[in-house]
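Quick notes on the structure that follows.
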Amino acid sequence: MTAIVSISLENEMDLVLAHKRSMKVAERLGLTVATQTTFATAVSEIARTVIEHTDTGTLEIGLEQHTTRYSLVATVTFEKEIRFTNADAGFYYAQKLVPEFELSESANSNLITMKIGLPRSLKLDPVKINLLKNYFEEESPLNAYEEIKQRNATLNRLATEKEEELRQSKLIDEKKTEFISVASHEIKTPLTILKAYTQLANATKEPVSDHLRGLLNKIDIQSNKLHALVQQLLDISKIENGNLQYNIQPANLNEFLRRQIAVMAHILPHHRFEIILGGDVQVLIDELRMEQVMANLLGNAGKYSDKNTRILLQTMKTAPGSVTITISDEGRGMSAEVMTSVFDKFYRAKDVIKSHTGLGMGLYITSKIVTDHQGKIWVESEEGKGSAFCFTLPLVIENNERES
């Protein structure tokens with residue numbers, strides 16, 4: 001059957017729609033007024049009977065072809081548990097009105113089918129049927145109730161489509177996370193062996209030419225980069241699976257930050273590091289994870305700014321019970337649009353994809369670590385004027401502070 005009109009049967013208001021739509025379809029086909037009325041009455045009686053028992057019935061009106069002749073068809077679907085007999089007046093009456101009437105059962109529902117044969121003189125064909133279908137799809141609602149009903153149906157359809165999109169997106173994300181985890185573990189083993197052999201070669205007492213030792217050092221450097229990349233992939237997998245573990249301990253913030261600057265000064269020798277530290281405070285951190293945060297933020301400050309420019313590290317005790325750490329650079333800065341997405345997983349700004357390498361994982365992992373430390377992270381920036389990444393950490397609250 002080619003469906004022309006579909007109506008959900010929920011309440012008595014739908015009886016009006018069922019009758020009017022049935023009349024309208026029969027009218028557009030060019031049937032006599034008597035046939036229009038007979039067909040619409042049969043449809044209304046079945047719709048009324050179904051609505052008396054349930055609010056989940058569905059009416060469809062359409063056309064069905066048998067060899068060279070067409071039939072006007074109305075089907076009403078309803079719950080399998082509902083049973084009709086000739087004691088139901090509408091059910092009994094409708095059977096008398098239409099030439100073909102059938103009640104059938106499927107695994108999940110019951111189906112009533114009513115048919116009226118159409119005269120060959122109507123000369124129906126697929127083109128005319130499509131025009132009829134398009135007419136009812138584009139026709140304005142008959143009344144305010146149908147308008148609301150159509151809007152609700154559209155909203156429900158959109159919600160269902162959105163739910164399916166989210167389900168598919170979640171499934172793809174889960175598969176991607178699983179692949180990242182497996183691939184990272186598989187890469188890590190041969191990488192560890194490669195690094196071990198490189199270190200053994202560097203430590204050998206046998207004569208090694210300067211050229212060969214230089215090659216070994218380059219292999220070791222690239223192995224370290226690959227190891228860091230694999231570790232980031234593993235961290236993302238752990239984050240997605242909720243398995244990123246922490247060993248939170250009190251630590252002296254200023255001492256910790258000085259150590260990080262000393263390390264990064266060797267990695268970024270062409271930048272000027274300045275430190276403005278507030279008073280000594282104790283923070284609650286996992287030092288290894290927080291080293292990742294500092295390496296990512298200080299590394300990005302160097303990566304996106306020119307040589308011989310300043311990288312400034314500041315701390316300031318702000319809200320009660322927390323301290324704010326700020327890392328500023330004099331680099332290219334970023335637009336407001338980029339700032340809204342910079343902490344998203346795998347995000348990379350279009351203007352840096354060709355000029356700078358990376359996969360967009362560092363700031364995502366950084367934001368997750370800071371958040372898991374009960375802190376907040378944000379960025380302040382302006383194009384051409386550098387960026388400042390800020391994050392907070394909770395302080396260790398001493399007994400005398402608690403008492404005060």
Side-chain angles (χ1 to χ4, degrees), residues 1-67 69-122 124 129 132-133 135-136 139 141-150 152-153:
M1 180 181 78
T2 302
I4 305 297
V5 171
S6 181
I7 301 172
S8 59
L9 302 175
E10 303 169 41
N11 56 61
E12 286 73 12
M13 294 290 291
D14 293 313
L15 290 177
V16 178
L17 294 181
H19 187 273
K20 287 187 176 181
R21 287 303 182 192
S22 301
M23 287 284 291
K24 192 75 172 178
V25 172
E27 179 190 348
R28 294 293 299 181
L29 285 170
L31 300 181
T32 64
V33 174
T35 304
Q36 295 173 28
T37 305
T38 299
F39 179 70
T41 302
V43 170
S44 299
E45 289 299 326
I46 293 300
R48 185 191 308 279
T49 305
V50 168
I51 289 171
E52 287 174 355
H53 292 82
T54 181
D55 59 1
T56 59
T58 302
L59 165 66
E60 282 196 341
I61 302 169
L63 296 168
E64 186 176 86
Q65 184 178 17
H66 298 283
T67 61
R69 191 176 181 184
Y70 284 88
S71 294
L72 176 59
V73 182
T75 63
V76 178
T77 308
F78 53 96
E79 297 162 19
K80 187 174 182 180
E81 294 74 19
I82 299 172
R83 291 284 187 269
F84 295 147
T85 67
N86 287 338
D88 293 288
F91 180 75
Y92 176 77
Y93 184 43
Q95 295 179 64
K96 304 296 183 183
L97 293 172
V98 291
E100 295 182 58
F101 185 100
E102 181 185 3
L103 171 62
S104 57
E105 296 184 11
S106 66
N108 302 313
S109 62
N110 289 330
L111 177 68
I112 291 177
T113 304
M114 296 168 282
K115 298 181 183 179
I116 293 179
L118 299 176
R120 291 187 177 88
S121 59
L122 295 179
L124 289 174
I129 292 171
L132 182 66
K133 185 176 180 180
Y135 171 84
F136 282 98
E139 190 184 32
L142 292 173
N143 51 36
Y145 172 73
E146 187 177 30
E147 183 178 1
I148 294 171
K149 192 179 180 74
Q150 288 179 358
N152 287 340

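This chain uses plain numbering: 1 for the first residue, then up along the sequence.
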Legend entry - Shortest non-hydrogen separation from S109 to T77 and the atoms involved: OG-CG2, 3.7 Å
Inset, instruction - Quick one: closest heavy-atom pair of S22 and V43, and the distance? - result: OG-CG1, 3.4 Å
Inset, instruction - Could you check Y93 against T41 for side-chain contact (heavy atoms from CB on, under 4.5 Å), going step by step and ending with a plain yes or no? - result: CA-CA 9 Å; Y93 184 43; T41 302; 4.0 Å; yes
Legend entry - Spacing of T38 atom OG1 and I116 atom CD1 [to the nearest 0.5 Å]: 6.5 Å
Inset, instruction - Would you check if E10 and K149 make a side-chain contact, meaning some heavy-atom pair closer than 4.5 Å? - result: yes
Inset, instruction - Taking T54 for its side chain and G57 for its backbone only, find out whether a donor-acceptor pair lies under 3.5 Å. - result: no
Legend entry - Any F91 side-chain heavy atom under 4.5 Å of L103 side chain: yes
Inset, instruction - Answer yes or no: is there a donor N or O on one side and an acceptor on the other, between the side chain of E105 and the main chain of K80, under 3.5 Å? - result: no
Inset, instruction - Using the side-chain contact (heavy atoms from CB on, under 4.5 Å) rule, take T2 and L132 through it: C-alpha gap first, then chi angles, then the decisive distance, then the call. - result: CA-CA 11 Å; T2 302; L132 182 66; over 6 Å; no
Legend entry - Greater than 12 external heavy atoms within 6.0 Å of E12's CD: no
Legend entry - OG1-CD1 distance between T49 and I112, expressed to the nearest 0.5 angstrom: 7.5 Å
Inset, instruction - Output the distance between atom CZ (F39) and atom CG (L31), rounded to the nearest 0.5 Å. - result: 9.0 Å
Inset, instruction - Look up atom CG in L15 and atom NZ in K20, then write down how far apart they are to the nearest 0.5 Å. - result: 12.5 Å
Legend entry - V73 side chain near T113 side chain, heavy-atom distance below 4.5 Å: yes
Inset, instruction - Indicate yes or no: does E146 engage R21 in a salt bridge with an N to O separation below 4.0 Å. - result: yes
Legend entry - Closest approach of A94 to E45 (non-hydrogen atoms, all atoms of both residues): CB-CB, 4.3 Å
Legend entry - Side-chain heavy atoms of R28 within contact of Y135, under 4.5 Å: yes
Inset, instruction - I would like to know whether Y70 and I129 meet side-chain contact (heavy atoms from CB on, under 4.5 Å); could you show each step before the answer? - result: CA-CA 11 Å; Y70 284 88; I129 292 171; 3.3 Å; yes
Inset, instruction - Kindly compute the distance separating CG (L118) from CD (E64), expressed to the nearest 0.5 Å. - result: 11.0 Å
Inset, instruction - Flag the pair Y145 / L17 as yes when at least one side-chain heavy-atom distance between them is below 4.5 Å, and no otherwise. - result: yes
Legend entry - K115 vs H66 side-chain heavy atoms within contact, under 4.5 Å: yes
Inset, instruction - State, to 0.1 Å, how close A42 and V98 come at their nearest heavy-atom pair, and which atoms those are. - result: CB-CG1, 3.7 Å
Legend entry - D14 side chain near L59 side chain, heavy-atom distance below 4.5 Å: no
Legend entry - Residues, nucleotides or ligands: over 12 heavy atoms within 6.0 Å of F136 CZ: yes
Inset, instruction - Taking the side chain as every heavy atom from C-beta outward, state whether L72 and I61 have any pair of such atoms under 4.5 Å apart. - result: yes
Inset, instruction - Count the heavy atoms of every other residue, nucleotide or ligand shown that sit under 6.0 Å from CG of N11, and state whether that count exceeds 12. - result: yes
Legend entry - Atom pair CD1 (I51) and CE (M13), whose distance is rounded to the nearest 0.5 Å: 11.0 Å
